[in-house]
Structures are given as C-alpha cells and as structure tokens.
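In this text the structure is predicted, and so the values were computed from the model without any measurement. Chain letters run A, B, ... following the sequence lines, proteins first, then strands; residues in each count from 1.
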Amino acid sequence: MSEAKNYKDTVLLPKTDFPMKADLVIREPKRLEKWTAENLYQQIQSQTKGKPTFILHDGPPFANGDVHMGTALNKVLKDLIVKSKTMAGFHAPFVPGWDCHGLPIEFKVVKSAAGLTPVQIRTLSEAEARKYIDIQRASFKRLGVFGDWENPYLTLDPAYESGILRTFGKAVEKGLVYRMKRPVLWSYGAQTALAEAEVEYKEKTSPAIYVKFALVSPPPGSEGASLVIWTTTPWTLPANLAIALHPEFDYVSGKFTHADGRSKTLVIAKSRLEAFQAATGFILDTAHPSDAFKGSALNGSDAQHPFLPRTSKVINTLFVTDDTGTGAVHIAPGHGADDYQAGREHGLDILSPVDPDGKYTAECGLPDFVGKHVFSSNEGIIEILATNGALLGNEKYVHQYPHCWRSKTPIIFRAVEQFFIKIDAIRQKALEQIDTVTWLPAWGRNRIYGTVESRPDWCISRQRTWGVPLPVFYTAEGEIIMRTDIIGKVADLVEKQGTNLWFEKDDAWWAEAVGLPADTKRGNDTLDVWIDSGCSHVSVLDQHPELHCPADLYIEATDQHRGWFQSSLMMSIVARNAAPYKSVITHGFVVDTSGKKISKSDQGAGKSAKPMTADHYYNKYGGDMVRLWVSSVDYQNEVPFSEELFQQTSESYRRIRNTFRVLLGNLHDENVGQAARLPESLTLIDRWILERLHNLSLECEKAYESYDFRKVFTVVNQFISADLSSLYIDITKDRMYCDAADSPRRRATQSVIREVTETLCLWLAPILAFTADEVWEHLGHTKSIHLQGFRLANPNHVFDGVATAVEDLLKARAVIQQAIEAARQAKQIGSNLEATVHLTLPNTGFDHPVFSDLPTLREFFILSDLHLTRAETLAATVEVCTNAKCERCWRHLPDVGTHEAHPTLCGRCEEAVS
RNA sequence: GGGCAUGUAGCUCAGUUGGUUAGAGCACCGCCUUGAUAAGGCGGGGGUCACUGGUUCGAGUCCAGUCCUGCCCA
C-alpha cells in the first residue's frame with residue numbers, strides 16, 4: 001500500500017463512453033434507424049393520447065427543388081414547437097404536407113419535351129412532384145423532424161382534390177363565383193395564356209406615337225384643347241376607353257405650333273413639355289396665354305376617340321409616371337394590367353377585340369381591320385390617325401418587350417374570360433375573424449388586415465394543365481353551367497379516381513357522368529394553386545382523425561400574410577365562416593451576412609456563392625447542428641446565415657457536448673439507488689446549483705411557451721458556461737476526484753449532478769433531438785428521451801440565503817482572481833493552488849456563516865491556503881504558498897508529510913487511499 | 001412610389017416603466033493547466049447604441065425626420 005507511487009490510479013477521474021467527438025454525421029443516421037425501427041413517432045402519439053391536443057398545421061412547401069436553409073428553418077421551427085409542446089404535456093401530432101400542383105413543375109415538364117398531351121403533362125408533372133417529395137422528406141427526416149412521414153398530405157391526392165372541389169362548390173353555392181374578362185399575357189404563336197415566368201424579354205422596335213384626344217368640355221380658357229397620349233401599341237387604340245392623368249401632376253394647356261404651320265391647343269404634363277416638343281416639333285406658343293392646373297381638374301371629363309364614334313373617360317390614377325410619354329396615359333382595360341385595374345375602379349368595360357390568333361374581331365369597330373393581325377395593323381391605324389389629324393408625332397422606339405418562350409413571338413395582353421371570387425362578399429367576415437386570431441409578432445395582424453382590406457377580387461382560374469380542374473361545363477350554345485350539385489358529382493368521381501379523370505375522359509363521358517345533355521362541354525381552366533393549399537383545413541384538418549379545425553397554430557415566413565395565411569382564411573370563411581387557425585406565427589427569410597436576400601440565381605455551378613442547401617450542412621456538421629443554429633437565431637426578423645456563422649454555432653455545440661461528457665463522467669460510479677433522491681446534507685455549492693437549475697427550468701418553460709427558442713439557447717449556454725463549467729464543475733472537482741468514493745459530500749454532489757444533467761438534457765431535447773437522446777441513453781435510460789416530459793422547476797430547490805451568499809462569494813472571487821492573475825503574470829505562481837491568499841472582507845455585509853467557514857471558502861475559491869481579515873474594503877493579496885504539495889490532490893497543505901504511510905499526501909487523501 | 005417591419009462590440013443577440021462606467025456568448029490577444037486534454041480555468045482589448053434634430057436635470061430607451069436592409073404591393 002505505502003509503496004503506491006502513482007496515486008493517480010486512486011483518483012476518481014471522470015469516466016464515460018460518451019465520446020467527446022460528436023461524429024454526428026455518422027451517429028445521427030444510426031439513431032434515425034433506431035427511431036424508425038421502434039416506431040418512435042407512433043409511440044409518442046399513443047403515449048400522449050388523451051392529453052390536451054396541440055395542432056400545428058404544416059403549411060405545404062412546394063414539391064420542387066431541394067431543401068434550402070430557409071425551408072429547413074421553417075420545418076425545424078415547426079419541429080421545435082411540436083417537440084416542446086409534446087414534452088410540455090400535449091398531444092401534438094404532426095402531419096406534414098406538400099403543395100404539388102402549379103406552374104413551375106408544369107413549365108419544367110413542358111420544356112423537357114414538345115407536343116405533350118394534357119394527360120402526359122400531368123403524368124410527368126406528378127412524377128416530378130413525387131420525386132421532390134421524396135427528396136425533401138428524406139431531408140426533413142434527416143434533420144430529426146418528427147411527423148407522420150409515411151402518411152403526409154399531398155394536394156394531388158384524390159381525397160384532397162375532392163375537398164378543393166367541394167369547397168369551390170360551396171363558394172358557388174354562396175354566389176361568390178363570377179366570370180369576367182381580364183387581360184392575360186397571351187401568346188398568339190402558341191395560342192395560350194402565359195405566366196410571367198414563361199416570358200422572355202427581347203429587344204423589339206415598336207412605333208411610338210403621340211395621339212390627341214379632343215376634350216369634349218375643356219376647362220374655361222382652354223377651348224378646343226386636346227389631351228395627348230403616347231403609346232407604343234397603336235393596335236390597342238381601338239380598345240381605348242379612357243385616358244388617365246395623375247391627380248397631383250401639373251398640366252399645361254396652351255397653343256402649340258409646328259414648323260409646318262399646324263397649330264393645336266394641347267394639354268401636356270409640365271414635366272414632359274420639353275421631351276414632347278423635341279419629339280413632335282410642336283412648340284408651345286408662349287406669346288399666347290397658357291393655363292396650368294392639376295390633373296385632378298380634368299377628372300371625370302370626356303375626350304373624343306380619335307377615330308371611333310365614342311368618347312373616352314378622363315380618369316385619375318396614381319400609376320401615371322412622368323419618365324416617358326406626356327403624363328396622359330392611354331387606357332385600354334382589355335389590354336394591360338394597370339389598364340384593367342383602372343378600368344375596374346372606374347367602371348369601364350373590358351374591351352378586347354382580338355382573337356386567339358392575334359387578329360382583330362368585329363368588336364374593334366374598324367371593318368377593314370377585322371381578321372387582320374394586330375401587329376400588321378399598326379401602320380394602318382397610324383395612317384387613320386394621320387388622316388384625321390390626330391397624329392402629332394411618330395417615332396421608332398426600341399425597348400425590351402416580352403416574348404413567348406416557346407413560339408418566340410411577341411406577347412400581347414388580351415382579355416379572356418376568367419373566374420373570380422367576390423371578395424367584398426366575405427371581406428367583412430374575414431376582417432372580423434382576423435381579430436379573433438393571435439398574431440406573432442403582433443404587427444402581423446396589421447399586415448394581413450391591410451392585405452385583406454385592400455385586396456381586389458380573387459382571380460382563381462388559370463389556363464394551365466397541372467392543377468385541379470375548375471369544375472364547370474358549357475352548353476352547346478356556350479352558356480356556362482356552374483352548379484353546386486354538379487360540382488358535387490365531379491368531386492365524388494374525383495375522390496375515387498383523381499382529377500386525371502377530367503383530362504382522360506371526353507366531354508360526352510363527363511356529360512353522362514354528371515347527368516347533363518350529351519353535347520355539353522367541360523371547361524378547360526384549372527384552379528389557382530392558392531386555392532389548393534388554401535383548402536388544407538378542409539382536406540386535412542377536417543378529415544384527419546387526429547387533427548381538427550381550427551388549428552392551434554400556423555407558422556410560415558412573412559410572405560405568407562399575402563399567401564397561404566390569406567388564402568386559407570378566405571377559403572375557411574367560404575367553408576365555415578371562421579378562421580382556420582387560433583394563432584399565427586411568422587418568421588423571417590434566411591439572408592446572407594450582409595443582410596441581402598439569398599437568391600436562387602446566386603446558386604449553382606460556376607457561381608461563387610456559398611452553399612445554401614440543407615444537405616450540405618447536415619452532411620458536413622450534422623442535423624443537430626442545423627437544429628441548434630435554428631434555435632439560436634431571432635426568427636422573427638430576417639435570419640442572417642453563412643457557413644462562418646454556422647461554425648460559431650458548432651462551437652456552442654461542442655461546449656454543450658463536453659459539459660455533458662464531464663457530467664456523465666462524474667456519474668461513472670454512481671450509487672444508483674441513492675441517487676434517486678437528493679440527500680438532506682447538501683453543501684452550499686450544491687444548493688446553489690440546484691437553485692440555479694430551478695431558475696433555468698422556470699426560464700426554459702416560459703421560453704418554450706412563448707416559442708422563444710433563442711432564449712432557451714442563451715439561457716442554457718450561460719448556465720453551462722458560467723454556472724456549471726467555470727463554477728460548479730470546477731469547484732466540485734476536488735471532492736469528486738479525491739474524496740473517498742463514498743464520502744457523503746461526494747455522493748451528495750453526484751446526486752445533484754444527476755439531477756442537473758437530466759433536467760438540462762430534457763430541456764435541450766426539443767433542440768438537440770439526437771444528442772439529448774444519446775446523453776439520455778448514457779444516463780442509463782432505456783426509453784427514448786422523446787417519450788419523457790420536461791422536468792419543471794422544483795420549489796424544493798430554492799434555499800434561504802444561498803443565492804445572496806454566492807453573490808458575495810463571487811465578488812470576493814473576482815478580487816482574488818485578479819490578485820492571482822497579477823502574480824501569475826509576474827511568474828510568481830502558476831496554478832491557483834500554489835498561492836496563499838490573504839482576503840480582506842469589508843466590515844459590513846458578507847455576513848453569511850460561510851464567511852467564517854475557511855474550509856468551504858478554500859473549496860469555493862479553489863485555494864490551498866486562505867487567510868481572512870476584515871477591513872474597510874474588499875481586497876486580496878497573494879504570496880507563494882510555502883506548504884508542501886499533496887501528490888494526490890495537488891493542494892499545498894500544512895499536514896502533508898505528517899502521515900507515515902503516505903508521506904506525500906494530505907490527511908484527506910491519506911484516508912481516501914487507506 | 002405605398003404599406004409593414006428592422007438597424008446596439010468583428011459576428012449572433014440582451015438591454016424592464018428614460019437613471020451609475022451599455023451587457024452576454026462566440027471570435028480575438030496574453031497567461032495558467034495537462035486529472036473535462038482535438039478539452040478546461042483566469043485576465044484583457046474591442047461600442048459616437050444607423051444618421052440628424054427635438055423633449056428632459058438626464059435618452060440605446062420617448063418624439064419627428066432621413067438613410068440602410070427585408071417582406072408584400074404598385
């Protein structure tokens with residue numbers, strides 16, 4: 001015994017199999033397999049059945065493209081909520097979903113091959129959607145997101161589609177759906193409507209002409225005056241119904257004279273005068289009096305159409321600009337988006353006398369032009385204008401003009417029949433319902449309120465193939481048949497066989513199937529995809545046995561105030577006259593570190609931009625690292641992201657992991673039976689850490705309740721680094737390593753360590769889904785941590801006077817450390833244990849009994865030798881300790897050398913090794 | 001151009017109803033330790049609180065305006 005040279009073997013150092021190196025990339029997939037094998041998600045659901053429910057309804061991501069960090073942020077946030085609600089005692093099933101229809105997929109498919117039939121387009125589109133569903137599902141699972149991954153909801157499921165149709169039927173039943181012409185981007189080359197994404201901008205030379213419209217009743221002093229418009233599409237003049245002025249712009253009315261002798265009284269925006277004179281040669285005759293007024297002065301007057309027997313209304317709109325033209329804008333509501341909007345606001349017709357080939361119809365009012373292509377009619381129109389004196393200028397104008405991606409022909413705006421939902425009929429109810437919902441952050445309420453307040457009627461038809469068909473029919477005479485009972489029959493058929501049926505069967509089949517005359521034809525339009533996802537409360541919340549409507553929570557990015565939150569609200573008003581959610585959270589977008597939005601075009605081959613797909617990060621750092629990053633950001637604002645920031649998070653992870661490792665290591669010889677309950681005889685530092693743990697639990701509980709994961713992250717980090725690492729673990733090292741294994745204070749500490757480790761681990765489980773489970777396993781548990789509840793703050797862990805005593809101790813500690821540091825920098829000592837410290841405490845305060853308890857003070861300050869005095873102020877001096885060093889515990893103590901059997905040990909260590 | 005947000009150390013963020021010298025974590029620098037060791041401890045440097053003006057004894061905090069950035073519109 002006395003021969004034992006190496007006392008190190010008698011020191012009870014931490015021992016654990018829990019590896020310091022996380023190897024998350026290797027370990028996490030194994031844990032995932034285990035979770036899958038034991039059906040963990042289903043276990044959680046059946047174990048929590050009967051508890052109060054918490055339904056977070058998943059907003060379906062578009063099934064196109066990889067999971068990027070923004071998508072990951074969204075899904076992990078949802079998972080943090082679901083996991084924390086589960087651990088807080090709720091039954092919180094999570095049914096993920098995907099938005100499957102829509103242009104981007106169809107466009108991709110159509111681009112890949114020419115001449116596809118609608119059925120082929122739909123088959124390929126479905127395959128494309130399913131491909132990305134699989135890719136995204138794999139990513140979400142890999143990120144540790146729990147949910148019913150084998151039974152997600154898809155907007156292309158027949159059951160889902162029938163829900164959409166029935167909700168549409170309800171809108172029809174309530175008289176909310178109407179038909180009206182509206183201009184769309186039209187390709188006469190491909191004979192189809194196009195979306196903005198299908199348009200390519202190319203250079204085109206167009207005529208740019210100045211045309212006068214004589215005012216029918218000009219303001220006094222401007223007798224015989226004409227408004228002058230500027231247009232690059234003369235062919236739209238037959239559809240002109242109005243002229244728009246800006247109400248705030250200054251306009252000049254005066255006599256203009258041309259070098260060729262022509263003279264006209266014209267009205268031009270003051271700021272455009274110079275440009276107009278230069279372009280047309282008409283010069284304002286300053287000798288004659290001219291009149292100036294605001295655009296609002298002419299609002300409501302009439303102007304004579306230059307070649308048709310009708311007048312155009314003079315209106316005021318705010319979109320009139322003064323960077324081109326004359327400040328007076330030619331309005332053809334059937335041929336432009338702004339024009340259409342202005343037309344709706346001012347009660348104009350939607351005149352669009354152009355057929356699908358781009359040729360004039362009889363409606364154009366010019367018999368000679370009927371059947372003629374609009375672009376080859378420009379010259380003819382200009383001639384007419386010149387002939388009747390309305391043409392004031394004619395130039396060539398080179399500009400970027402939209403062209404069809406497929407036929408390469410220039411696009412025209414052309415009005416076609418569209419279907420709309422009458423928002424006015426449901427607006428008031430929607431606004432009321434907005435105020436029954438909790439919006440987080442609170443400004444979200446104003447955001448969506450403003451959006452709903454001002455939104456125009458909802459155009460719900462699309463001239464597309466990859467979508468849910470708009471279930472209407474037409475009689476042989478072209479009369480529309482839009483009936484709830486027939487829509488119901490379509491929905492019944494779709495529920496069994498899917499919407500492909502609409503495209504596979506012919507008109508006759510459908511006519512018979514829904515009980516209409518044999519010569520009935522079905523419609524060609526599909527529904528706006530926002531209708532699809534906006535019906536999820538009907539198709540998912542109402543249908544799924546574990547879910548219900550309204551959901552407790554929707555959470556998506558801020559753009560969804562205008563998107564899904566709104567479409568869901570509207571469709572829910574249609575379906576049930578109430579909001580589909582009780583509360584709504586929004587999160588920001590992921591941006592790069594300079595605060596710029598990360599655009600998809602910066603990604604991909606040849607670009608220098610950093611990787612933004614989630615797989616890059618979970619394959620390099622691990623899923624828990626992504627999750628920890630999510631928990632660390634302020635998701636209510638834009639979320640800055642870069643790989644460097646990500647590495648910063650991984651530093652935090654390492655700290656957390658190492659702390660767990662040393663805690664686990666200190667439990668290696670734990671007396672399990674004893675550890676189950678905390679002994680009465682806890683030392684000061686044990687009581688203190690339990691009280692800190694109590695506070696931590698209070699804060700974490702509150703933070704999870706308010707979805708403030710960053711708070712959990714911060715509070716846990718500070719607890720780990722300030723309370724545990726630099727104090728509790730450091731201070732208790734001596735007793736843990738060097739006391740006899742069964743010393744009461746060592747055992748007490750061990751019990752506290754278990755309590756701390758388990759509680760902390762549980763609080764972290766929603767965030768570090770993999771690591772917490774791993775730690776839990778190493779704590780000796782056989783069931784997953786995800787089947788546990790949080791361990792709430794224990795009031796028995798609050799002790800009288802302890803917190804203030806430790807506050808004082810820390811003040812003294814700071815003074816001591818500074819003194820020691822000075823000695824260390826002066827190379828007088830190295831380790832703290834080599835110092836003798838004279839501590840002077842102030843006469844007042846510092847009156848807890850511990851301040852007369854030298855052994856405890858020495859332990860707390862981790863010193864070999866401490867001497868106390870009282871004086872005016874807190875101070876400390878340091879000298880080199882002259883005591884011999886105990887070879888085992890490294891403290892310099894006076895009794896080293898007094899023990900015969902172990903001459904190099906102190907008394908405590910001598911006993912411990914005997 | 002409009003609406004809604006946002007702006008505090010190199011980075012990510014705290015800063016209660018206005019009140020000492022504006023804090024934390026990470027990063028950085030120096031030292032110690034080598035019994036948490038691809039770890040740990042101690043000490044330190046670093047900020048005109050976006051800008052301008054105002055209210056006040058006193059403003060990161062309240063008010064007005066400007067600018068940056070983001071989302072949604074036009």
Pairwise [atom1] distance, [M] and [N] [rounded to whole Å]:
N: B:A38; M: B:G43; atom1: P; value: 25 Å
N: B:G53; M: B:A59; atom1: P; value: 14 Å
N: B:U6; M: B:A74; atom1: P; value: 24 Å
N: B:C62; M: B:G19; atom1: P; value: 11 Å
N: B:U20; M: B:G54; atom1: C1'; value: 26 Å
N: B:G60; M: B:U17; atom1: C1'; value: 16 Å
N: B:G18; M: B:C57; atom1: C1'; value: 12 Å
N: B:G2; M: B:A9; atom1: C1'; value: 36 Å

Polar atoms only, N or O, under 3.5 Å: list the protein pairs with nucleotides 44-47 of chain B and their distances.
none

Does anything in residues 699-715 of chain A come within less than 4.0 Å of RNA chain B? Heavy atoms only, and list the residues if so.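 A:Arg710 - these, ordered by number, are the residues of the stretch whose heavy atoms sit under 4.0 Å from the strand.
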Which of residues 558-569 of chain A sit near RNA chain B, with a heavy atom under 4.0 Å from it?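 Within this stretch, A:Thr558, A:Asp559, A:Arg562 sit under 4.0 Å of the strand.
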Using a 4.5 Å cut-off on heavy atoms from C-beta on, say whether the side chain of A:Trp688 contacts that of A:Leu727.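 With C-beta onward as the side chain, the pair touches.
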When you measure from the side-chain N and O atoms of [X] to the phosphate of [N], is any distance below 4.0 Å, counting only OP1 and OP2?
X: A:Tyr737; N: B:A36; value: yes
X: A:Ser725; N: B:G41; value: yes
X: A:Lys827; N: B:C32; value: yes
X: A:Arg655; N: B:A39; value: no
X: A:Lys8; N: B:G35; value: yes
X: A:Ser726; N: B:C42; value: yes

Considering only NZ, NE, NH1 and NH2 on the basic side and carboxylate oxygens on the acidic side, decide whether A:Arg745 and A:Glu859 come within less than 4.0 Å.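 So A:Arg745 pairs with A:Glu859 through a salt bridge.
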Salt bridge present between A:Glu670 and A:Arg754 (N-O < 4.0 angstrom):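 Looking at A:Arg754 together with A:Glu670, the answer is yes, because their closest N to O distance falls below 4.0 Å.
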Atom CG of A:Asp17: over 12 foreign heavy atoms under 6.0 Å: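 For A:Asp17, atom CG is not crowded (no more than 12 foreign heavy atoms under 6.0 Å).
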Quick check for you: among B:A5, B:C26, B:A36, whose closest atom lies nearest to any side-chain atom of A:Glu651?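 Out of B:A5, B:C26, B:A36, the nucleotide with an atom closest to A:Glu651's side chain is B:C26.
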Pairing donors with acceptors under 3.5 angstrom, does anything connect the side chains of A:Gln560 and A:Tyr554?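 Side-chain D/A pair, A:Gln560 to A:Tyr554: absent.
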Examine the base of B:C11 for any acceptor or donor lying under 3.5 Å from a partner atom in the side chain of A:Gln648, and report the outcome as yes or no.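 Indeed there is one.
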Give a yes or no on whether a donor-acceptor pair under 3.5 Å exists between the nucleobase atoms of B:G23, that is its base, and the side chain of A:Gln718.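 By the distance-only test, no, there is no pair.
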May I ask which nucleotide in the shown strands pairs with B:C28, Watson-Crick or G-U wobble, both distances under 3.5 Å?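 Across any shown strand, B:C28 pairs with B:G44.
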